[in-house]
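Proteins get letters first, then strands, A, B, ... in listed order; numbering begins at 1 in each. Computed from heavy atoms alone, side chains included, the values below leave out hydrogens, waters and symmetry copies.
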Amino acid sequence: VTTRPTSRRRLKWRWRLLILGVLVLATAYLSRLWWLPRAGALLHDADPVEAVDAVYVLGGDPPTRPLLAAKLIRTGQAKLVLLPRQKLTAAERDGLYPAEHDLTQRILVARGVPAEQIVIIGEECFGTDDEAATLARYLEAHPDLKVAVITNDFHTNRAWRIFRNAFGERLSQVRFFGAPTDNFGPDDWWHTERGFVIYTTEFIKLGRQMLR
Amino acid sequence: LVLLAVLALVVYLFRHPLMRLAASALVAEDPGPRPTTALLFSGDRRLDVAGVAFKDGQIKQVLLLKPPPNRLERLGVVTTRYDKAHQELLKRGVPAERIAALPGLYRDAWEVGDQVQAWLEQHPGEELLIYCERFASRKLSMILDRTLGGDRHRVRLAALPHREYDETNWWQSKLGALEFLYNSLTLAHVGLVGRPASPPTEPDAAAYEEALK
C-alpha cells in the first residue's frame, strides 16, 4: 500500500499542530504561577486614594463597596455619597430584598455616614454603562465636583474604560478607587470558586469592552 | 480554512439549538416521585413554589437553610435569610410547625451537602426534595454526588427556572447571558478543582474597613 505525498504532508502537519498544542498547554500549565497573577493585575487600575468632593458607589457588591465609601466620609476624605438608582431585580420587585440603592444607603448610615450626605441619582441603572451615563448627566449640573467612583478593585480597569466613553475629556473630574474583595485578589483569584468566576467573567467583559 | 468556514457556518445556522444544548448541560433534575419534605436551597420564586406545593399537599414539611449571619446581617441592615424566608412562608400559608431549619453549620454548598447527609442519617427511610436554581442545578447535583455517596438516590432535585429566562431563551437577555456564563464557570471550577480546602470567610464591616489602606 502506498500513501500519496500530499496526504503524508497533511498528516505530518496535523502531528506538528497537535504537538504544538500540547506544548502550549503544558507551558501554560507549568508557568501558571507566573502568568495568572499578572493576568489578574491587568484588571486592576485603581487610583491612589485622595481627598475628593464626592464618592459614587457603583452597584454590584453591597458587602464591600459602601464600606470604602463610609470610611472615606468618616475620615473627611469625601463630603458626599452619590448612589445610582438601580433597576429592581425580580426578587426585589417581590419585596424579598430591599432595592440595592436602599440597601447601600442603610449600610452607609449604619457605618456612620449622615443620611443627609447621601444622594440617590438617576433612574433604573442596570450595569456600569448606565451608571456612567447617570453620573455624566449629574456632573453636567455640577461641573466643579471632583468625584471618585468606588467599585471593586478587579473592576477598575473596565470601569475606567466605560466612564471614559461616557465622559470624554471630562474624565479628569473622576478618580477610581478600588474596594478589595473578600477571600481572593489578583495574586490568588484562581484558588477560590468565586474568584475564578469573577475574574474570568471580568476578562471576558474587559475584552468585549476593548473591542467596542 | 475551508473546513473552519464550513464549521463557522454550521455553528451560526444551528446557533439556537446549540445554545439550548449548552444551557441544558447546566441543568440536572431527578426524575421519579417527589418526596414530601422539601429543602429550599435556591431558585427564583422558590417560596411561591413551596407555598403552592404545600397547599396542594405535595409537600408536608419545609426545611430552610440557616447559615451563619453574613456581614450585612451582622450589621443589622437586613433581616437574616432564614427569618425572611420563614416570614414569607407563613404569608404563603405554611404553618410554623411545618417549617424547620436544616440543622448544622454550613458556609457553602459543600457543607450544605454534609448536613443533608447528616439529615438523611437521622431520618432513615425518608427522602428529600431540594428546590434549586435551574442553571446551578448540575453543579449542586455534582456536589451532592460527592458528599452523599450511596444516599444520593434519596435526594431529588427540582430545578426552578427563572421567570425571565430558561434554556430556550437565555441569550436574549443580559441577565440570562450573565447567569449562563457564571454558572458555566462555576460548574467548570467544581468539576476541575472539587471541594475547596476551606470555605469562604467574611470579616465584620469594621474589620473590613480597618484593613483598607
message: For the CG atom of A:Leu103 and the CG atom of B:Leu72, what is their distance to the nearest 0.5 Å?
response: 5.5 Å
- request: Measure A:Ala70 against the heavy atoms of chain B and call it side chain, backbone, both or neither at under 4.5 Å.
  value: side chain
statement: Answer key: most heavy-atom pairs under 4.5 Å with chain B among A:Leu67, A:Ile198, A:Val109 is A:Leu67
query: Side chain, backbone, both or neither: which part of B:Glu210 has a heavy atom under 4.5 Å from chain A?
result: backbone
- request: Tell me, with the steps shown, if A:Arg106 and B:Leu75 meet side chain to side chain contact (heavy atoms under 4.5 Å, CB included).
  value: CA-CA 10 Å; A:Arg106 287 187 207 173; B:Leu75 197 56; over 6 Å; no
message: Is any side-chain heavy atom of A:Thr192 closer than 4.5 Å to one of B:Pro196?
response: no
query: Which answer fits A:Pro66, side chain, backbone, both or neither, if we ask what part of it has an atom under 4.5 Å from a heavy atom of chain B?
result: neither
field: A:Asp182/B:Arg71 salt bridge by N-O under 4.0 Å criterion
entry: yes
query: Quick one: CZ on A:Phe177 to CG on B:Leu212, what's the gap to the nearest 0.5 Å?
result: 12.0 Å
Structural part of B:Pro200 lying under 4.5 Å from a heavy atom of chain A: both
Portion of B:Ala206 that has a non-hydrogen atom of chain A nearer than 4.5 angstrom: both
message: Need one label for A:Phe184: side chain, backbone, both or neither, based on atoms under 4.5 Å from any heavy atom in chain B.
response: neither
- line: Taking a cut-off of under 4.5 angstrom between non-hydrogen atoms, the residues of residues 5-17 of chain B near chain A are none
query: So which bits of residues 57-70 of chain B come within less than 4.5 Å of chain A, counting non-hydrogen atoms only?
result: none
task: Mind ranking B:Glu88, B:Gln87, B:Lys174 by heavy-atom pairs under 4.5 Å with chain A and telling me who comes out on top?
output: B:Lys174
query: So which part of B:Tyr182 gets closer than 4.5 Å to some heavy atom of chain A, the side chain, the backbone, both or neither?
result: both
message: I want to check something: taking the side chain as every heavy atom from C-beta on, are A:Lys205 and B:Leu181 in contact at a cut-off of under 4.5 Å?
response: no
message: If the threshold is 4.0 Å, N to carboxylate O, is there a salt bridge linking A:Glu193 and B:Lys139?
response: yes
message: When you measure from the side chain of A:Asn183 to the backbone of B:Thr201, do you find a donor-acceptor pair of N or O atoms at a distance under 3.5 Å?
response: yes
task: Give a yes or no on whether A:Leu17 atom CG has more than 12 heavy-atom contacts from other residues, nucleotides or ligands under 6.0 Å away.
output: yes
- request: Check whether any side-chain heavy atom of B:Tyr208 lies under 4.5 Å from a side-chain heavy atom of A:Thr64, and answer yes or no.
  value: yes
- request: Flag yes if more than 12 heavy atoms outside A:Arg16 fall under 6.0 Å of its CZ atom; otherwise flag no.
  value: yes
- request: Can you tell which part of B:Lys91 gets under 4.5 Å to a heavy atom of chain A, answering side chain, backbone, both or neither?
  value: neither
query: For chain A, which residues from residues 100-112 of chain B have at least one heavy atom closer than 4.5 Å to it?
result: none
message: Other residues, nucleotides and ligands only: do more than 12 of their heavy atoms fall within 6.0 Å of CD on A:Glu123?
response: no
message: Heavy atom to heavy atom, less than 4.5 Å: which residues from residues 159-169 of chain B reach chain A?
response: B:His162, B:Arg163, B:Glu164
field: Inter-residue atom distance A:Thr89.OG1 - B:Leu175.CG, 0.5 Å rounding
entry: 8.5 Å
message: Less than 4.5 Å to any heavy atom of chain B: does that hold for the side chain of A:Pro98, its backbone, both, or neither?
response: side chain
- line: Looking only at A:Thr200, A:Leu96, A:Leu68, the option with the highest number of non-hydrogen pairs under 4.5 Å against chain B is A:Leu96
- request: Let me know if B:Arg46 has heavy atoms under 4.5 Å from chain A in its side chain, its backbone, both or neither.
  value: side chain
task: Would you please test A:Arg194 and B:His189 for side chain to side chain contact (heavy atoms under 4.5 Å, CB included) and show each step?
output: CA-CA 9 Å; A:Arg194 188 155 181 264; B:His189 193 270; over 6 Å; no
query: Does any heavy atom of chain A fall under 4.5 Å from the side chain of B:Glu209, the backbone, both, or neither of them?
result: both
